[in-house]
Structure formats: C-alpha cells, structure tokens
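Everything below concerns the one structure shown next.
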Amino acid sequence: SALPRIADAVAGRVPIVIDSGFRRGQDVFMALALGATTVALGRPILYGLALGGSQGVQAVYQRLKTELQMVMQLAGTPNLAAIRPDHLKRLREL
C-alpha cells in the first residue's frame, strides 16, 4: 500500500527496489505497476539454490519469467516499460 505513495514522492528521481516476499510473476507485475523500478527475488532464488544448486536457481528464475510473461500478455503489455497502474484494473476484471 505504501509503494504508490513512495513512487509519487520520488517522481522517478531515484530507482525504487522492492523486496517483500515475491513468489509469483503476478507479484512482480503488480509491484512494477505500482511504481517499483526493480523487484528483488532473494528468498525464491535461495530456495532454488538450496534445492537444486545453479539449476534450481535457473528453474526458479525461468518459472517467474514465464509467469510474468503470461500476466503481461493477459494485461496487453508488450514490454516491462509499458506496465502501468491501470493494468491492475484490467487484471482484476479477468
């Protein structure tokens, strides 16, 4: 709930990096739509590393990437730069 207010306050002057338990591509999409510049994926990556080494990390990254691409397609966004807050309204309607 604080992310949009922070994004408005900094108005693009500084990058906003958020890390708060993101586990799905939809979570990443929402954070970007609400104003984050970058989404950190610490815990899922560490789980992948613990369970499968470098291949586990690659699998986690690929799953998140695939999920994000699917959400972007559903929202009609051609690239990351095109993700905007109004896309969240469209996703809620689906």
Side-chain angles (χ1 to χ4, degrees):
S1 63
L3 182 55
R5 292 190 307 254
I6 293 168
D8 287 342
V10 301
R13 293 186 306 268
V14 295
I16 300 172
V17 180
I18 187 168
D19 183 4
S20 183
F22 297 100
R23 295 199 177 33
R24 298 175 294 161
Q26 182 179 358
D27 300 332
V28 174
F29 184 93
M30 290 175 64
L32 295 173
L34 293 173
T37 309
T38 303
V39 176
L41 301 170
R43 193 173 300 164
I45 298 300
L46 289 176
Y47 290 157
L49 181 63
L51 294 172
S54 64
Q55 289 179 336
V57 171
Q58 290 174 346
V60 168
Y61 175 73
Q62 186 58 47
R63 180 183 57 86
L64 287 167
K65 181 180 173 184
T66 300
E67 289 175 358
L68 177 58
Q69 288 172 334
M70 181 181 63
V71 175
M72 288 173 61
Q73 289 172 345
L74 290 171
T77 55
N79 54 49
L80 294 175
I83 298 174
R84 300 282 181 253
D86 63 310
H87 289 111
L88 296 179
K89 293 176 189 174
R90 289 188 214 160
L91 285 177
R92 290 183 183 124
E93 295 170 358
L94 293 176

Would a single hydrophobic cluster contain both Leu51 and Leu46, if residues Ile, Leu, Val, Met, Phe, Trp and Tyr are joined by side-chain heavy-atom contacts under 4.5 Å?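 Each belongs to a different hydrophobic cluster.
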
In one Ile/Leu/Val/Met/Phe/Trp/Tyr side-chain cluster, 4.5 Å: Leu41, Leu49: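 Result: yes, single cluster for both.
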
Which atom of [X] lies closest to which atom of [Y], heavy atoms considered:
X: Ala33; Y: Pro85; answer: O-CG, 3.1 Å
X: Pro78; Y: Gly76; answer: CD-O, 3.6 Å
X: Ile18; Y: Ala36; answer: CG2-CB, 3.6 Å
X: Leu64; Y: Arg23; answer: CD2-O, 3.4 Å
X: Gly35; Y: Ala7; answer: CA-CB, 3.8 Å

From the options Val17, Asp27, Asp19, Leu32, select the one residue that forms a side chain to side chain contact (heavy atoms under 4.5 Å, CB included) with Val39.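 By the side chain to side chain contact (heavy atoms under 4.5 Å, CB included) criterion, Val39 pairs with just one of Val17, Asp27, Asp19, Leu32: Leu32.
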
Please check: side-chain N/O of Thr37 versus main-chain N/O of Ile16, any donor-acceptor pairing under 3.5 Å?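 A pair under 3.5 Å: yes.
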
Test item: [X] and [Y] side chains (from C-beta on) under 4.5 Å apart, heavy atoms:
X: Leu88; Y: Leu34; result: yes
X: Thr77; Y: Val71; result: no
X: Leu68; Y: Leu80; result: yes
X: Ile83; Y: Phe29; result: yes

Using side-chain contact (heavy atoms from CB on, under 4.5 Å), reason through His87 and Met72 one step at a time and then give a plain yes or no. CA-CA 9 Å; His87 289 111; Met72 288 173 61; over 6 Å; no

If a pair satisfies salt bridge (Lys or Arg N to Asp or Glu O under 4.0 Å) and one of its residues is in residues 44-61, list it, with sequence neighbours excluded.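 Listed by first then second residue: nothing to list.
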
To the nearest 0.5 Å, what is the distance between CE (Met30) and CZ (Arg24)?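 The CE atom of Met30 sits 8.5 Å away from the CZ atom of Arg24.
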
Using distance alone, with no hydrogens and no angle criterion, decide if Gln62 and Thr66 have a side-chain donor and acceptor under 3.5 Å apart.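 Judged by distance alone, the side chains do pair up.
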
